[in-house]
Q: 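Please find one structure pasted underneath; my questions will follow.
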2 protein chains.
Amino acid sequence: MKLDRYDKHILEIIQQRGKLSNQELAEAINLSPSPCLRRVKQLEESGLIEGYVTILNARKLGLTLICFMQISMDKHTPDRFSHFEAKIAEFSEVLECHLVTGQSADYLLKVIVKDMDDFQQFLLNKLTPIEGVSGVHSSFVLKSPINTTALPISN
Amino acid sequence: MKLDRYDKHILEIIQQRGKLSNQELAEAINLSPSPCLRRVKQLEESGLIEGYVTILNARKLGLTLICFMQISMDKHTPDRFSHFEAKIAEFSEVLECHLVTGQSADYLLKVIVKDMDDFQQFLLNKLTPIEGVSGVHSSFVLKSPINTTALPISN
DNA sequence: ACAATATTGCTAAGATTTACCATAATGTGA
DNA sequence: TCACATTATGGTAAATCTTAGCAATATTGT
């Protein structure tokens with residue numbers, strides 16, 4: 001699967017503007033609508049385009065507290081990990097869960113909640129009751145000068 | 001700005017499927033296309049909908065290495081911070097940059113690169129040369145069982 | 001240079017978006 | 001509770017967009 005300059009240009013644009021009409025996209029990359037649409041469909045079928053999503057404003061939804069949580073597990077057995085991941089998947093306040101390298105933690109979680117009360121609820125009633133969770137360190141986000149879903153496209 | 005069940009239903013659906021046609025969305029929430037479109041437009045104008053983006057497959061783009069980096073600064077002065085943020089904004093491999101609380105770091109970065117060579121380039125040629133960067137700790141992502149942009153919508 | 005292959009741009013049919021308006025539903029104050 | 005004001009809905013139609021087929025053009029490899 002190799003991408004020419006048209007494909008790369010398409011990807012760069014639609015990463016930022018997912019709902020651009022095909023005509024506008026075609027114009028932006030200097031191609032007529034037909035081949036432009038064909039290329040997009042191909043990129044979708046290849047799986048390179050995973051999907052289209054809508055980004056909401058967290059603050060306007062009342063979600064003002066974002067927290068990165070480093071989780072340590074007591075034992076590093078496969079069933080400990082899969083059980084943790086299954087439990088975590090039930091909580092909609094968890095936006096990301098990454099298994100990471102590093103001495104201090106096994107998992108890194110990105111969590112979003114309304115306020116500190118909700119955070120406490122999440123921590124005490126949802127996270128720490130999960131079997132095997134032996135340590136939790138929380139870092140609260142003060143501001144996020146960069147926050148994008150757009151991946152770098154190589155030249 | 002208060003949301004009724006239609007609005008919440010719209011938001012829940014379009015967070016997952018950003019390019020759903022208005023007709024399909026209307027059908028999904030049991031409303032005719034006209035009022036459905038009006039609601040979406042209103043949500044856009046209110047700023048609650050920030051925008052629509054396309055999610056690409058990082059692996060298929062050759063981007064196989066994701067890393068969370070904790071950055072410490074030597075001095076906590078406003079110009080140190082703003083200079084760091086301005087420099088970081090120039091690097092497309094930085095997907096997120098958060099100013100965070102916690103004893104161990106000032107910034108948390110989410111970085112994506114092709115491989116360890118590119119990571120080394122980023123670390124040595126781009127990140128550490130920034131004035132004021134006094135410490136860097138890197139955690140590599142092994143897998144990400146959860147990775148969503150969809151925010152929880154309260155009932 | 002030439003043949004084979006792939007890609008483009010045009011066209012037209014079908015589908016969708018979108019504004020308008022009459023009707024229905026909701027909420028408010030007496 | 002009722003009348004009234006306000007708001008939201010659903011149908012309609014025009015404009016726009018999507019999308020597949022096809023002839024023409026461009027690209028690639030030998």
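Numbers restart at 1 for each chain; the letters A, B, ... are given by sequence-line order, proteins then strands. Every heavy atom of this structure was used, including side-chain atoms; hydrogens, water molecules and symmetry mates were not.
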Q: Under 3.5 Å, is there a donor-acceptor pair between the side chain of B:K60 and the main chain of A:S46?
A: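 Indeed, once roles are kept as given, a pair shorter than 3.5 Å links the two residues.
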Q: In residues 17-25 of chain B, what residues come within less than 4.0 Å of DNA chain C, judged by heavy atoms?
A: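 Heavy-atom cutoff 4.0 Å gives B:S21, B:N22, B:Q23.
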Q: Only counting residues at least two apart or in another chain, list the ones meeting side chain to side chain contact (heavy atoms under 4.5 Å, CB included) with A:S32.
A: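 So A:S32 forms a side chain to side chain contact (heavy atoms under 4.5 Å, CB included) with A:P35.
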Q: Within the distance-only criterion (no hydrogens, no angle test), does the side chain of B:S139 pair as donor or acceptor with the backbone N or O of A:T101 below 3.5 angstrom?
A: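 Looks like yes, one N/O pair under 3.5 Å.
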Q: I'd like to know if the side chain of A:S144 and the backbone of A:N147 have a donor-acceptor N/O pair within less than 3.5 Å.
A: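 Side chain of A:S144 to backbone of A:N147: no pair is present.
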Q: To the nearest angstrom, how far is A:I29 atom CD1 from C:dG9 atom P?
A: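 Atom-to-atom, A:I29 to C:dG9, this comes out as 9 Å.
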Q: Taking only residues two or more places apart in sequence, or in another chain, which ones meet A:Y107 in a ring-ring contact (aromatic ring centres under 6.0 Å, His included)?
A: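 ring-ring contact (aromatic ring centres under 6.0 Å, His included) list for A:Y107, sorted by chain: A:F81, A:F84.
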Q: Strictly by ring pair (Phe, Tyr, Trp, His ring centres under 6.0 Å), give each pair with a member in residues 16-69 of chain B just once, sequence neighbours left out.
A: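 Listed by first then second residue: A:H98-B:F68.
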Q: Filter on ring pair (Phe, Tyr, Trp, His ring centres under 6.0 Å), then keep only pairs touching residues 135-155 of chain A, sequence neighbours left out; what's left?
A: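 Listed by first then second residue: A:F119-A:F140.
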Q: If I take atom CG in residue B:L37 and atom P in nucleotide C:dC20, what distance separates them, rounded to the nearest angstrom?
A: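 My rounded result for the distance is 13 Å.
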Q: Testing the 3.5 Å rule here: is there a donor-acceptor pair between the side chains of A:E85 and A:S82?
A: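 Checked: A:E85/A:S82 side chains show no N/O donor-acceptor pair below 3.5 Å.
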Q: Where do N or O atoms of nucleotides 4-8 of chain C meet protein N or O atoms at under 3.5 Å, pair by pair?
A:
from, atom 1, to, atom 2, distance (Å)
C:dT8, OP1, A:R39, NE, 3.3
C:dT8, OP1, A:R39, NH2, 2.6

